[in-house]
Amino acid sequence: MPGLGTSLGRGAATNYQQDLANSDCILFMGSNMAEAHPVGFRWAMRAKEAGGTLVHVDPRFTRTSAMCDVHVGIRSGSDIAFLGGLVRYVLEQDRYFREYVVHYTNAATIIAEGYEDSEDLDGLFSGYRGDRRTGRYDPRAGQWGYEAAEGVIPEWAGAGPEYRMFREELGMLGHSLEAGPQMYSRSRVESTGELAGGPASDPSLEHPRCVFQILRRHFARYTPEFVADTCGCSADELVRVAELLCSNSGRERTSMVVYALGWTQHTTGVQVIRTAAILQLLLGNIGRPGGGIMAMRGHSTIQGSTDLATLYDSLPGYLPQPCADESHDTLDSYVRYEGLSTGYWANYRKFIVSLLKAWYGDAATPENDFGFGWIPRIDGDYSQLPYFEAMSKGEVKGYFLFGQNPAGGSPNAGLHRAGLRNLDWLVVVDWFEIESANFWKDDPGTPPPADIRTEVFLLPAAAAPEKEGSLTNTQRLLQWHDKALDPLGDSRSDAWYVYQLGKRLKQLYAGSTDPRDQALLHLTWDYDFDEPPTLPDGSVSRIAGEPDLEQVLMEINGYRVNERDPATGRPRLVGGFGELEEDGSTACGCWIYSGVYPGPGRNRARERRRSHDGIEAEWGWAWPHNRRVLYNRASADPAGNPWSERKKLVWWDASLGRWTGADEPDFDAGTPPGYQPPPGAEGLAAIAGSQPFIMKPDGVAWLFAPGGVKDGPLPVHYEPVESPVENLLHPGQHSSPVLRYLENPLNRLAEPMSPEFPVVATTYRLTEHYLSGPMSRFNSWLNELMPEMFVELSPELAAERGIVPGGWLTVRTPRARIEARALVTRRMRPFRVAGQVVHQIGLPFHWAYAGEVVGDNANDLTALLADPNVSMHEAKAFACQVEAGRREGNRAEPTVRSALTLHHGPAPDTPGAAQPEGRFGHEPGA
Amino acid sequence: MSAPPAVGPERCSGHWDFEIELPERRSGTTGAKEAGGVSMRARASSTSMRRLVAPGAGPGPRAASLVWSTTPLAEAVLMGQEPYSRQTAAKHSRLRGATVTEGVCPYCAVGCGQLIYTKGGQLLDIEGHPDHPVSEGTLCPKGANAFQLAVNPHRLTTVRYRAPYADHWETRPLDWALDRLAERVKATRDAEFAAQPEGREDNAVRTIGSLGGATIDNEENYLIKKLLSGGLGILSIENQARI
């Protein structure tokens with residue numbers, strides 16, 4: 001999540017959903033919130049009821065558009081052009097929040113003299129190496145760094161959330177798809193060591209090389225006319241949206257930006273979000289109530305799975321997975337390379353040592369680097385897309401799937417299925433027989449089973465009410481859910497499978513002296529319940545061997561290794577990450593979650609107390625440290641007073657000598673606003689009392705990113721790779737010069753501006769289905785609501801191709817062709833782009849070949865084509881051809897019969913165990 | 001005797017195949033509050049009661065389950081204070097007496113609160129949590145479907161195993177599957193190490209991978225990362241998140 005991380009410090013939504021209600025203007029872009037997050041959307045409606053203005057910018061007129069005051073249609077893939085137009089308007093009309101911008105962003109910072117902007121090099125920044133297609137940047141050679149007051153700093157690369165990047169040249173953490181073991185070019189010491197006198201700056205914002213002036217020149221050509229020509233909207237529409245945002249920002253008012261996967265699934269996704277961050281920073285909306293950037297995520301704990309790092313390049317808490325490189329050889333060199341001397345990341349060593357203690361227990365000692373050598377080193381890109389590409393060539397042997405369905409839900413799903421067919425063994429833990437489990441028999445395009453060697457273990461998973469655990473929602477809020485009943489039959493929680501597999505493997509490897517097996521043998525792996533677990537009604541669970549996940553959460557929270565809690569006899573829990581040590585006396589599984597379990601019996605994720613104050617600090621627990629609005633120091637002016645009474649959140653209370661307010665301050669509570677760091681200060685002490693962005697080494701948000709992103713320090717409008725129109729801004733540079741593409745016969749691309757594929761396509765979600773369908777197409781209630789795959793298209797396109805409403809049509813890309821029913825609607829309209837008419841269609845991606853209802857899969861159409869920072873694919877803008885009629889070939893048949901009626905017995909007539917019907921906590925007879 | 005329950009303002013939804021309209025609305029009075037919660041008694045004569053029978057329902061197993069119980073309302077009937085038959089007064093929500101557990105919706109990242117009703121080891125219902133600060137008791141169609149996600153005839157209840165090149169599933173015991181799987185993991189891992197050049201002793205496994213995590217629990221993600229990466233040295237651990 002480097003779009004937000006690089007700009008602000010943390011890759012997470014800045015505010016919380018209820019805070020939408022405090023907004024004066026909300027810009028929805030890349031999000032169809034009313035459809036995809038309908039319950040969260042209630043808070044946007046509150047804002048509207050309170051007089052706020054809602055704006056939707058989207059290629060389609062959707063359920064969200066219908067509820068908004070303004071809808072602007074733009075072509076898929078032109079988001080940076082539109083946002084850039086807004087940024088230019090704010091700058092040219094002098095509508096930026098000057099005091100905020102000067103103090104809280106790096107607008108005043110002066111950039112090194114050798115830096116050259118994309119405006120000067122026809123779409124490339126200085127430091128580019130390559131062929132204008134899949135090359136890479138060397139920020140150091142390109143001089144993207146700050147100019148030091150005394151001497152030049154080559155680069156400031158941040159650690160932590162920007163972890164994917166400091167080695168941009170190597171394409172390293174950032175998943176260069178072809179990356180070999182040529183990882184690093186320099187050490188962190190070299191790049192941040194000589195901050196002689198700190199970065200040079202000009203608070204008047206006049207210096208020609210200060211960020212503010214660079215920004216102004218960079219966006220100068222994003223005029224309303226250019227935006228209209230590129231996006232397919234009108235110049236007036238851009239100005240209207242800009243004016244709404246400007247007039248609803250400032251001391252008294254705040255605007256919020258809401259996005260979802262409509263922004264992320266592009267080869268420029270990170271830069272789209274960067275542009276939004278720039279806009280919100282210029283308007284002074286970050287860190288304030290009703291402001292910020294709400295990332296609306298799509299899975300129940302996609303934030304948590306990122307935080308706890310089921311990712312190949314990250315350890316829990318956004319610590320980089322070490323690389324096979326000498327800079328990561330030892331713990332010392334790793335910390336020296338990845339840590340930062342200023343800002344909160346100065347505590348880096350505490351975080352990694354505590355993690356190693358949590359994993360390896362007593363075996364982690366200072367003498368053996370706390371077992372740092374046991375952590376596997378990455379030597380290339382092991383992210384999903386390239387890994388499946390390798391799998392399709394037979395290079396991968398075994399694979400686990402925990403609640404994910406790549407055969408249906410991944411881009412270029414056909415290539416993913418080819419991967420599964422070439423495995424030796426596959427484990428699928430799921431509730432139903434999903435596409436990724438039955439690909440060897442039910443995929444209509446597959447060879448016969450006798451030709452597929454994959455050995456498949458389909459393990460039945462426990463349903464959500466049948467297990468306990470916590471989920472982290474889109475606003476970083478951890479909510480624990482209790483287990484309500486035992487799993488059905490032989491089904492078990494994913495935790496049970498992992499725990500039991502670990503126990504068996506430890507047995508199988510017992511006694512091994514191979515150094516490579518010592519990590520497993522020393523792994524702490526004891527989460528047995530102290531007493532047989534009971535269900536809420538008091539009965540004892542029949543499941544043997546379930547791990548106690550509260551013990552796991554305690555380990556994630558952290559504890560003191562050598563101190564016992566007298567009450568429990570267990571190690572004493574730490575109250576937060578501030579207590580972590582670097583000498584091995586503390587263990588902590590994920591430092592950003594530290595504080596979630598601060599004492600015996602205090603699982604704060606399980607707390608459910610309403611305070612009705614908006615913040616609701618005692619309902620669940622939000623990382624970090626239960627702060628609900630990130631960077632909330634920025635809700636006060638540099639002197640520490642709220643910008644306005646109406647928008648106050650956190651402020652400096654001189655009488656108390658600390659920061660106070662409705663929210664937990666995201667700042668050192670005792671640092672006064674006037675604090676100035678002494679020369680040579682380190683850690684948080686190096687951040688001035690007027691600098692709200694404590695995760696950044698310079699304490700301010702980055703309008704200009706001297707490090708942390710691999711496709712440039714500023715966003716540039718590039719066309720999607722498969723775009724039917726030319727790049728009007730940079731005719732010489734059609735799409736991103738650093739994109740990732742996987743060459744494979746199953747992954748062919750359409751040429752840019754190809755007359756064979758003239759229609760723009762985008763994929764999207766419906767309220768009634770979920771992802772590729774494992775959690776919805778086995779459910780008759782939902783299937784009845786939304787039974788069949790369809791494609792949305794305009795009456796103009798339908799007329800051109802002879803397609804009738806409700807009739808069949810075929811969509812074709814170089815990867816696949818699929819058929820669907822035609823939904824001909826005025827909600828789709830052709831765009832006029834660069835003087836030509838461009839048609840766009842929309843495809844929901846919920847259908848595939850398993851379940852009660854089946855259909856062709858929109859994900860078969862998309863390509864493995866990825867953003868250089870995070871390998872996110874480009875499913876939101878690709879080129880296709882649309883024809884009337886059905887496709888040739890086999891068709892999927894439902895794999896299970898629709899179960900319209902649920903046959904379960906009558907409610908058992910047992911004695912009342914708890915509350916009568918109705919409210920939780922309701923006492924009988926009360 | 002305890003007072004009759006304060007029922008909903010307009011109608012009391014009873015057992016799922018009946019719906020009883022309460023009298024105070026029809027009678028045009030201010031209702032329960034003014035009448036001290038026993039408005040039904042005084043307005044008996046003007047009450048028009050409607051009984052709605054769900055399609056397909058009729059005298060059957062459900063009717064047989066109507067047993068007299070000592071609810072406040074039933075007591076009021078016994079005392080002659082209520083204009084209902086004993087049978088009507090005995091009707092109650094199938095959730096009465098159920099155990100309520102607080103859950104979180106397993107679908108998107110809004111994180112709506114749910115109340116999970118169980119009784120006798122059986123899942124009865126899942127509803128929106130009225131106190132939840134984000135969802136305030138509401139659920140979208142998917143969240144409202146959470147019950148069918150758990151109580152579903154298509155759910156797997158045993159391990160299914162597909163041997164290489166086979167054209168059918170076999171049902172296998174859990175223990176068998178775990179044992180076999182552990183052996184497969186070890187064999188694949190050891191084979192990769194054996195094929196590596198001499199002197200290469202790092203704990204890094206490139207031929208086994210894992211995918212998924214955003215739809216399960218945080219603690220499960222932590223355990224997957226800890227075992228597969230920190231223990232076994234597997235490199236390609238991924239989930240749905242990419243940006």
Side-chain angles (χ1 to χ4, degrees), chain A residues 38-40 264 297 299 302 304-306 308 310 359 376 382 384 387 397-398 400 402-404 449 453 456 458 460 463-465 469-470 473-474 479 481-482 484-485 489-490 494-495 498 502 504 516 520 523 536-537 549 552 616 778-779 870 872 896 899 907-908 910 912-914 917 920 925, chain B residues 2 93-97 99-101 103-104 106 109-112 116 118 120 133 135 140-141 148 150 153-154 156-158 160 162 164 167 174 182 184 186 188 201 203-204 207-223 227 230-231 233 235-236 238-239 241-243:
Chain A
V39 176
T264 60
R297 312 214 182 270
H299 306 72
I302 196 152
S305 61
T306 310
L308 292 157
T310 38
W359 280 12
Y382 292 89
Q384 183 195 335
Y387 203 66
K397 305 301 176 197
F400 291 89
F402 294 102
Q404 189 165 352
R453 73 165 184 277
V456 185
L458 177 53
S470 65
N473 84 347
T474 199
Q479 297 183 98
H481 61 95
D482 284 330
L485 69 168
D490 280 352
D494 298 69
V498 177
R504 278 170 167 78
R516 290 176 291 212
L520 177 68
L523 200 71
D537 65 5
L549 296 183
V552 176
E616 302 291 352
F778 290 86
N779 297 271
V870 290
M872 178 58 109
V896 290
T910 52
E917 69 273 16
F920 183 78
Chain B
S2 54
S93 153
R94 56 198 245 103
L95 304 183
R96 169 161 299 166
T99 300
V100 192
T101 311
V104 180
V110 168
C112 297
I116 300 164
T118 53
S135 57
C140 78
Q148 208 194 38
H154 308 314
L156 303 165
T157 55
T158 54
R160 289 186 193 182
R162 187 254 174 176
D167 62 0
L174 260 181
R184 294 295 264 154
K186 182 170 190 299
T188 305
E201 292 191 338
N203 179 30
T207 56
I208 304 176
S210 166
L211 184 64
T215 60
I216 56 178
D217 289 327
N218 287 334
E219 293 73 21
E220 297 177 320
N221 276 276
Y222 179 77
L223 291 179
L227 176 68
L235 292 180
S236 186
E238 284 280 281
N239 67 36
R242 261 294 138 219
I243 200 158

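Only a predicted model underlies this, so the values are computations on that prediction, with no experimental measurement involved. Lettering follows sequence order; numbering is per chain, from 1. Values below: every heavy atom of this structure, side chains too, minus hydrogens, waters and symmetry copies.
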**Study point:** Contact check, side chains of A/P449 and B/R162, non-hydrogen atoms, under 4.5 Å
**Key:** yes
Point to revise | chain A interface, residue from B/I208, B/N218, B/N221, B/L156 that has the most non-hydrogen pairs under 4.5 Å | key: B/N218
Revision key, fill the gap. When the 4.5 angstrom heavy-atom criterion is applied to B/T118 and chain A, the contacting part is side chain
Point to revise | B/L227 portion near chain A, given a 4.5 angstrom heavy-atom threshold | key: both
Point to revise | Check: A/D537 side chain, B/T99 main-chain N or O, donor-acceptor pair, under 3.5 Å | key: no
Exercise for review: Determine yes or no for a side-chain-to-main-chain donor-acceptor pair under 3.5 angstrom, with B/E238 supplying the side chain and A/Q384 the backbone.
Suggested key: yes
Review point. Does any heavy atom of chain B fall under 4.5 Å from the side chain of A/A464, the backbone, both, or neither of them?
Key: side chain
Check your understanding: Quick one: are A/V498 and A/F402 in side-chain contact, heavy atoms under 4.5 Å?
Key -> yes
Review point. Looking at A/T474, A/V456, A/L485, which makes the most heavy-atom pairs under 4.5 Å with chain B?
Key: A/V456
Revision key, fill the gap. Of B/L235, B/D167, B/N203, the largest count of non-hydrogen pairs under 4.5 angstrom with chain A goes to B/L235
Check your understanding: Do B/T101 and A/D482 have side-chain atoms, one donor and one acceptor, less than 3.5 Å apart?
Key -> no
Check your understanding: Out of B/G213, B/G111, B/S210, B/A204, which one racks up the most heavy-atom pairs below 4.5 Å with chain A?
Key -> B/S210
Check your understanding: Tell me, side chain or backbone of A/Y387 under 4.5 Å from chain B's heavy atoms, or both, or neither?
Key -> side chain
Practice item. Flag the one option from B/L211, B/T215, B/T158 with the top tally of heavy-atom pairs under 4.5 Å to chain A. Key: B/L211
Review point. Of all of A/P460, A/A463, A/A495, which one pairs up most often with chain B through heavy atoms under 4.5 Å apart?
Key: A/P460
Check your understanding: Using a cut-off of under 4.5 Å for heavy-atom pairs, which of B/G233, B/G230, B/S135 has the most such pairs with chain A?
Key -> B/G230
Review point. B/E220 versus A/T310: any side-chain heavy-atom pair under 4.5 Å?
Key: no
**Study point:** Nearest atoms (heavy-atom pairs only) where B/D217 meets A/H481
**Key:** OD1-NE2, 2.8 Å
**Study point:** Engaged part of A/P38 at the chain B interface, taking heavy atoms whose separation is under 4.5 Å
**Key:** side chain
Check your understanding: What part of A/Q479 lies closer than 4.5 angstrom to a heavy atom of chain B: side chain, backbone, both or neither?
Key -> both
Practice item. Below 4.5 Å from any heavy atom of chain A, which atoms of B/T188 appear? Answer side chain, backbone, both or neither. Key: side chain
**Study point:** Backbone of A/V552 reached by a side-chain donor or acceptor of B/E219 within 3.5 Å
**Key:** no
Point to revise | Contact winner vs chain A - B/C112, B/S236, B/A150, heavy-atom pairs under 4.5 Å | key: B/S236
Exercise for review: May I ask you to name which of A/V896, A/L549, A/N779 has the most heavy-atom pairs under 4.5 Å with chain B?
Suggested key: A/N779
Point to revise | Heavy-atom pair of closest approach, residues A/A899 and B/Q148 | key: O-NE2, 4.1 Å
Check your understanding: With a 4.5 Å limit on heavy-atom distance, are the side chains of B/C140 and A/V39 in contact?
Key -> yes
